[in-house]
Structures are given as structure tokens and as C-alpha cells.
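Following: one structure in C-alpha cells, then a few remarks.
Order of the sequence lines sets the chain letters (A, B, ...), proteins ahead of strands, with each chain counted from 1.
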Amino acid sequence: MILQPVSASFFELPTQELAQALLGMVLVKTTRDGTASGWIVETESYIGPEDRAAHSYGNRRTPRTEVMFGPAGHAYTYEMHTHCLLNVVSGRVNQPEVVLIRAIEPYTGIHLMRERRGPGKTDRELTNGPGKLTKALGITKADYGHPLFEEPLYIASGKHIDSIAIGPRIGIDNSGDAKHYPWRYWEHQNPFVSKPVTNVTEIRYM
DNA sequence: CGCAGGATCCGCT
DNA sequence: GCGGATCCTGCGA
């Protein structure tokens, strides 16, 4: 199987387009234990500075958000409770926009994912959430700022997506009007998404 | 230095 | 569905 990093220019799309273009692409991580990967099936856009749900809301610039102000295609990892979440930096320099990877469908290295996630899990349960997929792939805060077009953590070309479902983002209830923005994208009817049954604003056939 | 607040997960009801 | 675990970050004192 051939998994090759995309070029850096792949990430130079408007953020809402990038969030959809990432669906079907493969997220790959190699550690000394081996390589694990999965098809991206669910993403969300965060568009600072106007997006109240974004960490970069109001152009807030801190050590944590710093990478968001840099060039597209780099990893914005951060800790949430006891979990690590992975974002793809998007937008131009000084436009702090990102795409959150919310779920993947396991592709290669499933035995590695199972070791990392613990026993008694179905394939679906390995990676159907933003904190779960980072643990399954071995992605940590140490990957902060890593270019996602280079080993050992990168995006590769994957499969074609027939239809994309669009709806409000998950878990941002305390964000005013922003909680209603339809900036969550997932592969329509793919069972590996974090919440298969949710409000659908639109279905887009590709 | 202390404290409040999460882009979550898991287990229990 | 709901609540607790658990810990890093940002901000104010």
C-alpha cells in the first residue's frame, strides 16, 4: 500500500473547503512501534478571530495558539482534560484558522491502535472521537507544530467521498451564536463518525 | 499562585 | 442522558 505525504500546497485552500477536502484523505503516524493510519471521516472548522468557539477568538495570541498564526499545513495539538486533540492549521499567515480532525476510519496498523486504546473495543470505538483517534495513532502534544506533509505524521491521498453531510459543531454549547454555525463535515452515512445521528443542515453530493 | 473553564471520555442509570 | 475524572491553559491578584 502506498501512503505518500501530500504537498504543502494542498493546505492552501479556504478553510471551509479544506475541511471538506480532508474527508477521505489518510492520516498517518509512525512511531518506533510501527505505522498506523486511518481515513478522515469527520472534521470541523474553527475560524478565528470571529468564531467564539475558536481558541483564536478575538485574535487571542498565546503560546498555545501561536502555531495557528503561522502557515497552513502544520499540526495544532492541544490538551483537553486528559486527551490530546489534533487540528490542521489552515488559512494564510496571521489568519488563525484550523480544521479539527474529529474521527477517522481505521485503515492500517489496527493492532497498534488496539494496543493503545485497550482491550474490548470494536474497530469503530478505536477512533470515533477526537481524543480517541490521537491515542490510537500515538499523536501527542509533542507533535505540536509538525508539518503535516512530512514524516512521521502526515496526510496522504485516500479515497473519493460520494456525499458530505454538514451540520453544527459538537461540544461548544457555551459559544453563543457560534454553536449554530454549520461547520462540521462528515462522510455521509459513514459509521465511524463520532455522532452518526445528529442534525444535518445539508447533504452535498460530490 | 490560585482558580475557573473546557473543541472529551467513560461508566452507570 | 448524566455526572465525575482529571489536568492544562489563561488570566487576574
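Phosphate contact (OP1/OP2 of dG10(C), side-chain N/O of Thr62(A), threshold under 4.0 Å): present. Applying the 4.0 Å criterion to OP1 and OP2 of dC9(B), one finds that Lys195(A) has every side-chain N and O outside that range.
The partner of dA4(B), taking Watson-Crick or G-U wobble pairs whose two distances both stay under 3.5 Å, is dT9(C).
Distance check, rounded to the nearest 0.5 Å: CG of Leu100(A) to CZ of Arg169(A) gives 10.0 Å.
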### Message
Working note: Glu44(A) + Tyr46(A), criterion side chain to side chain donor-acceptor pair (under 3.5 Å); need CA distance, chi angles, decisive distance, verdict.
### Response
CA-CA 7 Å; Glu44(A) 284 178 359; Tyr46(A) 288 84; 2.7 Å; yes
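Clustering ILVMFWY residues whenever any of their side-chain heavy atoms sit less than 4.5 angstrom apart, transitively, puts Ile40(A) in the very cluster that holds Tyr185(A). Trp39(A) and Val193(A) are members of different hydrophobic clusters when ILVMFWY side chains are connected at heavy-atom separations under 4.5 Å.
Between the C1' atom of dG6(B) and the OH atom of Tyr78(A) lies a distance of 8 Å, rounded to the nearest Å. With rounding to whole Å, His180(A) atom NE2 is found 16 Å from dA7(B) atom C1'. Between Lys135(A) atom NZ and dC7(C) atom P there is a gap of 13 Å when expressed in whole angstrom units. Tyr76(A) places its OH atom 9 Å from the P atom of dT9(C), with the value rounded to the nearest Å. Going from atom CZ of Arg61(A) over to atom P of dG10(C) covers 13 Å, rounded to whole Å. The interatomic distance linking Glu79(A) (CD) with dT9(C) (P) rounds to 7 Å, in whole Å. Across the protein-nucleic acid pair, Leu85(A) atom CG and dG6(B) atom P stand 15 Å apart, rounded to whole Å. Summarising the geometry, the separation between NE2 on His81(A) and P on dG4(C) is reported as 13 Å, rounded to the nearest angstrom.
The two residues Thr198(A) and Lys195(A) come nearest to each other via the heavy atoms OG1-O, 3.4 Å.
Listed candidates were dG10(C), dC9(B), dA7(B). Nearest to the side chain of Lys132(A) is dC9(B). Nearest to the side chain of Leu100(A), among dG6(B), dA7(B), dG10(C), sits dA7(B). Candidate nucleotides dC8(C), dG6(B), dG10(C) were compared by shortest atom distance to the side chain of Arg60(A), and dG10(C) ranks first. If you check dT8(B), dT9(C), dC10(B) against the side chain of Arg64(A), the one that comes closest is dT9(C). Taking every side-chain heavy atom of Met80(A) into account, dT8(B) is the closest of dT8(B), dC10(B), dG10(C).
Residue Arg117(A) is classed as a sugar-phosphate contact, given heavy-atom separations below 4.0 Å to backbone atoms only. Asn87(A) comes within contact range of at least one nucleobase, with a heavy-atom separation under 4.0 Å. Among the atoms of the strands shown, none is found under 4.0 Å from any heavy atom of Arg169(A). Among the atoms of the strands shown, only primed sugar atoms or phosphate atoms (P, OP1, OP2) are found under 4.0 Å from some heavy atom of Ile172(A).
Nearest-nucleotide positions on DNA chain B place Tyr46(A) closer to the 5' end than the other of Glu125(A) and Tyr46(A).
Checked for salt-bridge contact, Lys132(A) and Glu125(A) miss the test: no charged N lies under 4.0 Å from a carboxylate O.
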